[in-house]
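No hydrogens, no waters, no symmetry mates; every other heavy atom, side chains included, goes into these values. In the text below, chain A, chain B and the rest are named by the order of the sequence lines, each starting its count at 1.
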There are 2 protein chains.
Amino acid sequence: MSALILVAEDDENQAELVRRYLEQDHHRVVVVHDGRDALDVVRDQRPELVVLDLMLPGLGGLDVCRALRADSDVLVLMLTARSTEDDLLHGLGIGADDYMTKPFSPRELVARVRTLLRRRPAARAAPLLRVGPIVVDPVRHEVTVRGSLVECTPGEFGLLAVLASEVNRVFTREQLLDRMHGDSYLTTRTIDTHVKNLRRKIETNSRTPEHLVTVYGIGYKLTAGRADAP
Amino acid sequence: MSALILVAEDDENQAELVRRYLEQDHHRVVVVHDGRDALDVVRDQRPELVVLDLMLPGLGGLDVCRALRADSDVLVLMLTARSTEDDLLHGLGIGADDYMTKPFSPRELVARVRTLLRRRPAARAAPLLRVGPIVVDPVRHEVTVRGSLVECTPGEFGLLAVLASEVNRVFTREQLLDRMHGDSYLTTRTIDTHVKNLRRKIETNSRTPEHLVTVYGIGYKLTAGRADAP
DNA sequence: GGATCCTGTGACGAACCGGTGACCGCCCCG
DNA sequence: CGGGGCGGTCACCGGTTCGTCACAGGATCC
């Protein structure tokens with residue numbers, strides 16, 4: 001868990017102090033003392049996080065932050081000297097990811113940096129189910145087909161999730177009912193109806209299904225369809 | 001200084017003893033008897049500290065500790081039966097924050113818990129939670145939407161903070177109640193009411209929510225709204 | 001100690017979804 | 001080529017879930 005971090009800080013002593021602590025935490029550190037330099041470094045070296053002093057010559061920290069937010073998703077940890085500036089920062093809703101008021105303990109800064117970086121792999125351990133152009137996200141409860149979101153009812157989502165859990169495997173209607181509701185045997189027509197509604201949503205032509213395929217006499221399966229390159 | 005503490009302990013008597021002492025010290029306590037349950041609770045309820053028995057059915061304490069270290073910064077206080085295991089633990093350098101050998105006095109355990117919790121004053125870094133135009137500041141207990149401050153009741157703030165902790169993730173009402181109150185199951189209507197009040201405050205049109213979205217049959221989630229490419 | 005605010009709850013209407021039977025068309029097999 | 005079975009579709013009813021409201025008890029803050 002090491003990262004490239006830019007420290008944009010006017011005061012050289014402070015900057016070096018921060019550098020030392022961050023490097024002790026196994027990060028690579030670049031220091032600048034000026035707003036314009038900060039933007040250049042972000043553009044050229046793509047750090048993952050910027051420790052940004054609000055009071056910066058050249059461009060102010062606020063302007064830098066705005067510029068960063070405009071066209072990058074770098075993390076920003078803002079440093080402010082007084083709480084009044086802090087209020088300003090807050091009120092404007094400038095997109096810093098975290099902030100600290102001076103004076104601060106370098107250890108706390110390291111801790112906050114660590115927390116921010118940890119959150120970085122945001123979709124952590126998200127078991128996405130991919131079947132060709134179909135993506136099922138159980139955590140978000142979302143279905144995406146060829147990149148666009150598809151609204152699903154709970155039943156449809158459940159059915160699709162079961163089918164997507166094992167691509168190309170044929171499930172009988174009984175198995176599908178089992179995995180969806182656990183118990184309580186229902187009519188097989190129920191599955192058929194859900195299949196119909198799902199096909200409307202995920203197939204380009206529901207008359208000729210390419211993904212949600214019927215296996216005559218057995219049940220249904222989910223396949224990737226033809227070679228697709230999204 | 002009160003915290004949510006998970007006690008993962010095989011022996012029920014021992015577990016209840018520990019629970020009683022910790023609750024006397026004004027902590028909220030959740031008890032599990034199994035390694036997998038422990039991981040589930042940490043994921044769902046985010047305790048600040050885990051009292052972890054080394055000998056645990058399901059997953060061993062060591063495995064649990066490793067898993068915890070992998071993706072959380074929860075404190076771990078390891079309990080070991082014999083000093084040989086203690087040595088082993090030490091030797092492996094598994095990242096427990098402290099450990100005790102059985103038998104131990106419950107008072108000593110309480111004292112160590114207190115020390116661990118105190119040892120990290122600001123170390124528990126609380127970065128801003130940003131979800132589109134919504135910014136949640138756990139430190140100040142403030143919420144801003146599109147730059148302007150929004151007054152929130154404690155309940156509303158708690159709910160919003162939980163939802164904002166994982167953008168786009170769908171939480172069931174039970175999970176939300178869990179993370180807000182730790183225990184004590186309440187009516188799901190409670191969540192609905194808070195949602196209603198929150199929508200009034202953060203949505204431009206509470207009739208057509210863009211951020212605090214209902215997932216029918218499941219629960220609620222918080223999304224950034226329009227056009228976002230992470 | 002009193003006023004204010006918040007929280008939790010039951011009730012109720014509205015919106016939504018799920019399951020079913022009927023009917024028809026299609027597919028396999030003899 | 002024809003029959004029997006299987007799958008597709010449709011509309012509808014019942015049940016569940018959700019949104020909203022008003023209210024009572026409790027916590028909080030002067």
Whole angstrom value for the distance that separates [atom2] of [N] from [atom1] of [X]:
| X | N | atom1 | atom2 | answer |
| --- | --- | --- | --- | --- |
| Lys196(B) | dC23(D) | NZ | C1' | 12 Å |
| Ile218(A) | dG7(D) | CD1 | C1' | 13 Å |
| Leu176(B) | dG8(C) | CG | P | 13 Å |
| Leu198(A) | dG8(D) | CG | C1' | 14 Å |
| Glu203(B) | dT20(D) | CD | P | 11 Å |
| Asn197(A) | dC10(D) | CG | C1' | 11 Å |
| Leu212(A) | dT9(D) | CG | C1' | 15 Å |

Worksheet item: With distance as the sole criterion, is a donor-acceptor pair present between the side chains of Thr214(A) and Arg199(A) under 3.5 Å?
Response: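 Side chains of Thr214(A) and Arg199(A): pair found under 3.5 Å.
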Worksheet item: Which of these nucleotides, dT20(D), dC10(D), dG8(D), is closest to any side-chain atom of Asp192(B)?
Response: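 Of the options given, the side chain of Asp192(B) lies nearest dT20(D).
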Discussion item. Between Gln175(A) and Arg169(A), is the side chain to side chain contact (heavy atoms under 4.5 Å, CB included) condition met? List the steps.
Written reply: CA-CA 12 Å; Gln175(A) 288 174 332; Arg169(A) 164 171 170 180; 3.5 Å; yes
Discussion item. Counting only side-chain nitrogens and oxygens, does Arg200(B) get under 4.0 Å of the OP1 or OP2 atom of dC21(D)?
Written reply: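 So the side chain of Arg200(B) is within the cut-off, an N or O lying under 4.0 Å from OP1 or OP2 of dC21(D).
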Worksheet item: Are any of Arg207(A)'s side-chain N or O atoms less than 4.0 Å away from OP1 or OP2 of dG7(D)?
Response: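 It does not, given that no N or O in the side chain of Arg207(A) lies less than 4.0 Å from OP1 or OP2 of dG7(D).
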Worksheet item: Among all residues two or more places apart in sequence or in another chain, which pass the side-chain contact (heavy atoms from CB on, under 4.5 Å) test with Asn13(B)?
Response: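 Once residues adjacent in sequence are excluded, the partners of Asn13(B) under the side-chain contact (heavy atoms from CB on, under 4.5 Å) criterion are Asp11(B).
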Fill in: For Pro106(B), side-chain contact (heavy atoms from CB on, under 4.5 Å) partners two or more places apart
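Checked Pro106(B) against side-chain contact (heavy atoms from CB on, under 4.5 Å); matches are Leu17(B), Tyr21(B).
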Discussion item. Ring of Phe171(B), cation from Arg173(B) - is the NZ or CZ under 6.0 Å from the centre and inside 45° of the axis?
Written reply: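 The answer is no; the distance or angle limit is not met.
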Worksheet item: For the helix from dG1(C)-dC30(D) to dG30(C)-dC1(D), what angle lies between the axis at the first five pairs and the axis at the last five pairs, to 10 degrees?
Response: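 It works out to 50° between the end axes.
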Worksheet, complete the sentence: Counting primed atoms, P, OP1 and OP2 as sugar-phosphate and everything else as base, the B/S/- map of nucleotides 13-30 of chain C against protein heavy atoms under 4.0 Å is ---BSSSB-B----B---
Practice prompt. Before giving the answer on side chain to side chain contact (heavy atoms under 4.5 Å, CB included), spell out for Leu177(B) and Glu174(B) the whole-Å C-alpha distance, their side-chain angles and the decisive distance to 0.1 Å.
Written response: CA-CA 5 Å; Leu177(B) 287 171; Glu174(B) 287 74 19; 5.7 Å; no
Practice prompt. May I ask you to check whether over 12 heavy atoms, not counting those of Glu108(B), lie within 6.0 Å of atom CD?
Written response: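 Enclosed: over 12 neighbouring heavy atoms sit under 6.0 Å from CD of Glu108(B).
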Between the protein and nucleotides 24-30 of chain D, which nitrogen or oxygen pairs are less than 3.5 angstrom apart?
none

Worksheet item: Less than 4.0 Å between a side-chain N and a carboxylate O, is that true for Arg19(B) and Glu16(B)?
Response: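 Salt bridge flag = yes for Arg19(B) with Glu16(B).
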Discussion item. Applying the side chain to side chain contact (heavy atoms under 4.5 Å, CB included) criterion to Leu56(B), which one of Leu54(B), Leu52(B), Leu59(B) satisfies it?
Written reply: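 Passing option: Leu52(B).
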Worksheet item: Testing Leu160(B), Val167(B), Val136(B) for side chain to side chain contact (heavy atoms under 4.5 Å, CB included) with Leu222(B), which one passes?
Response: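 Between Leu222(B) and the candidates, side chain to side chain contact (heavy atoms under 4.5 Å, CB included) is satisfied uniquely by Leu160(B).
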Item to complete: Tell me, please, which residues at least two apart from Glu203(B) pass salt bridge (Lys or Arg N to Asp or Glu O under 4.0 Å).
Response: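 Partners of Glu203(B) under the salt bridge (Lys or Arg N to Asp or Glu O under 4.0 Å) test: none.
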Item to complete: Have a look at Phe157(A) and say if it touches a base, only the backbone sugar-phosphate, or nothing, with a 4.0 Å heavy-atom cut-off.
Response: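 The answer is nothing, as Phe157(A) stays clear of every strand by at least 4.0 Å.
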